[in-house]
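Everything below concerns the one structure shown next.
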Amino acid sequence: MPHVTLRGRTFMALVVTPAFPMATWFAAFDQQMRGAAGFFVDRPIVANLAETLEAGGPEAVFIVLEGLEARELRLIGVEGVDPALLAGTRWERMPKTLHGRAQTLEAWAETSPVAAGGERSPAPVTSSNAPSLLIDRPVRSGQSVLFEDGDVTIIGPVSSGAEVIAGGSIHIYGSLRGRAIAGLRTGAAARIFCRRLEAELVGVDRLYRTAEHWGEALHGRPVQVMSDRGALRLTALD
Amino acid sequence: MSKVMVVTSGKGGVGKTTSSASLGAALAQAGQNVVVVDFDVGLRNLDLVMGAERRVVFDLVNVVQGDAKLPQALIRDKRVETLYLLPASQTRDKDALTEEGVGRVIGELRERFDWIVCDSPAGIEKGALLAMRFADLAVVVTNPEVSSVRDSDRIIGMLDSKTQRAEDGGRLEKHLLLTRYDAARAARGEMMKVDDILEILAIPLLGIVSESPDVLSASNVGSPVTLHNPTSAAGRAYIDAARRLLGENIVVDTPPERQSLMRRLFGRKAAVA
């Protein structure tokens, strides 16, 4: 069964790239959704359909879109297909390309769902030269820190129900109890470091793992998370 | 200098109202001018816990909307003369409160009282946000269980971002009040330990109130436990917490396990002896 890859993209959107054979891909996808239902809840999804179009033609594109829609995912965009193909269908108005990567932190503060509905995240300290973000207080449950330009360093705990998403690596001098997703921009080169691993979910580049995937042996220990030849690897630092 | 103190938790049923009444009464017993304000519009309880339910005429909503003057709605406690209650309305809902209206009432209360204790409703919606909006300090009431701790963590995040003080760039003083604590169960691993909770929430500990029938019986007779039974463990815990709020430096003692063990082994007799 193929491994379904999810790539973090602009804000918190995930890019899914359906592959043939479709039945197998959707079966794997469903299994993954069952395994980490919370990961998909309210999370915007972008479908990259270039491969679908190439292998199955226009009809396959609509079958895939209907398939994703039936899973009650928040499909917010389609990429990899000619906009003309979707003309006259209910997917017509969906953005075809997303230019999220160029967004700055300021733009995020104004447009992110977090800023609109949730709390402000702890006041960030940014330096214009080095693309990094330093937060010297706890990231509380319900707060979300997103910094696409580079590394994020947090001095304090990241609570259960909080999330940190970084363009580069994430360094947490405290307990990681929520989610950390690194490498939106730098990809597989990014790593996550934390002083105590009690996380709900960690992700680097296009790979993620939930707490039940790693053993008790790592729980409560200082850990680094990296992408190693296409697999996510968690190793103790002590 | 008056202080506005919100008693909040996120989760319901952890002891916000009991703690508001007990801390308010303890502060008043220490000679402070105190008003306890019930922000739980639609589900008012504070009047019952303080034994004033038969004296409510006007309430917070009336004052916020300008239908009554503040002195008309304030109820003076019959036991402690520096203790007042501003009840909530049972027939309205939280939308009846407005930010300007609440701000105006808090401003008026600041002129008359040393302490304005705001008893927050559960949840993270409008009622809870208005209760914390004008606070100078917060007491976060938490039970030793994971769901309560996570909700408290969420509330602390909101105290740091959604209060006027936080928006003005200041930092809100926050204190943790651990309630319904059972040392024996914590020792058996059935409850979270104090150190673990403090590690997660990372705010100073104001006090630990043990699970106790004294609290329930005090609520049932409409008297804060600090008045009804000031020498009980719960009563002393609240009185000590109030003294800490007034700046006294008293060590918080964790309820000892041994006592609970004795109680378990010998029942009531040991507790009486």
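What's counted below: heavy atoms across the whole structure, side chains too, no hydrogens, waters or symmetry copies. The sequence lines fix the lettering, A, B, ..., with proteins before strands; numbering per chain opens at 1.
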Quick one: list whatever passes salt bridge (Lys or Arg N to Asp or Glu O under 4.0 Å) with B:K174, sequence neighbours left out.
B:D160

Approximate separation, where rounding is to 0.5 Å, of B:I156 CD1 and A:S141 OG
10.0 Å

To the nearest 0.5 angstrom, please state how far the CZ atom of A:R137 sits from the CZ atom of B:R171.
4.5 Å

Under 3.5 Å side-chain donor-acceptor pair for B:R150 and A:S160:
yes

Bottom line for B:I203: the part with an atom under 4.5 Å from chain A's heavy atoms is side chain

Counting only heavy atoms not in B:R110, do more than 12 sit closer than 6.0 Å to its CZ atom?
yes

Toward chain B, the part of A:S159 with a non-hydrogen atom under 4.5 Å
both

Evaluate the side-chain proximity of A:R140 to B:S161: yes if any heavy-atom separation is below 4.5 Å, no if none is.
no

Sequence neighbours excluded - ring pair (Phe, Tyr, Trp, His ring centres under 6.0 Å) pairs with any residue from residues 150-178 of chain A:
A:H171-A:F193

